[in-house]
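Shown next, in structure tokens, is the structure this report addresses.
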Amino acid sequence: MLIDNWRRTWWRLWSVRLAAAGTALTSVLTLWPDSALQLWQMMPDEIRALIPERAMTMLGVVVFAASIAARLIKQKGLHDDPQA
């Protein structure tokens, strides 16, 4: 069963936004790995030194985990309940 008023609110849900961001990130890295590698190589050495080697892998995991957490938190302004 779908949530109430899903047609009106789906795009405002943080869980949906984060899942979309994670999907976009994963798609870019999967479909265009050469572009991602070129971007990485264009960065100054000082910036690359600040980013851990597994950051891109972990970033996807963190974004999807955040989307799960966002789904559990009630967002103000999405519900008709005045106490929301």
Side-chain angles (χ1 to χ4, degrees):
M1 179 151 205
L2 298 174
I3 61 172
D4 294 336
N5 298 321
W6 71 271
R7 288 185 177 135
R8 184 174 56 100
T9 61
W10 71 270
W11 58 274
R12 296 186 331 189
L13 296 169
W14 276 104
S15 58
V16 173
R17 292 176 182 183
L18 289 167
T23 301
L25 176 67
T26 303
S27 297
V28 167
L29 293 176
T30 303
L31 297 175
W32 299 288
D34 294 337
S35 297
L37 182 58
Q38 287 175 357
L39 178 64
W40 176 258
Q41 291 173 345
M42 288 173 38
M43 283 188 208
D45 292 336
E46 297 81 19
I47 302 289
R48 282 192 288 181
L50 297 173
I51 302 171
E53 290 181 26
R54 298 193 53 167
M56 292 311 291
T57 304
M58 293 308 297
L59 184 60
V61 171
V62 168
V63 169
F64 283 116
S67 71
I68 293 169
R71 185 64 188 114
L72 299 175
I73 298 170
K74 190 171 188 177
Q75 292 178 232
K76 293 181 181 182
L78 290 179
H79 304 282
D80 296 332
D81 181 9
Q83 296 178 353

Smallest separation among heavy atoms of Leu18 and Val63, with atom names:
O-CG1, 3.1 Å
Nearest 0.5 Å, what's the OG1-CG distance between Thr26 and Leu31?
10.0 Å
In this structure, OG1 of Thr30 is separated from CG of Leu25 (nearest 0.5 Å) by 8.5 Å
Distance check, rounded to the nearest 0.5 Å: Leu37 atom CG versus Trp32 atom CH2?
16.0 Å
What heavy-atom pair brings Arg48 and Gln41 nearest, and what distance separates the two atoms?
NH1-CA, 3.9 Å
Worked check of side chain to side chain contact (heavy atoms under 4.5 Å, CB included) between Val16 and Arg71
CA-CA 8 Å; Val16 173; Arg71 185 64 188 114; over 6 Å; no
Could you tell me which non-hydrogen atom of Ala70 sits nearest to which non-hydrogen atom of Ser15, and how far apart they are?
CB-N, 3.7 Å
Note: Arg12 and Arg17 closest approach over all heavy atoms is CA-NH2, 3.7 Å
Within 6.0 Å of CH2 in Trp40, more than 12 heavy atoms from elsewhere
yes
For Ala19 and Ser67, which heavy atoms make the closest approach, and how far apart are they?
N-CB, 3.9 Å
Please evaluate residues Glu46 and Leu50 with respect to the criterion side chain to side chain contact (heavy atoms under 4.5 Å, CB included), reporting the C-alpha separation (whole Å), side-chain torsions for both, the decisive distance (0.1 Å), and the verdict.
CA-CA 7 Å; Glu46 297 81 19; Leu50 297 173; over 6 Å; no
Determine, using the 4.5 Å side-chain heavy-atom cutoff (strictly less than), whether Trp14 and Leu72 are members of one ILVMFWY cluster.
no
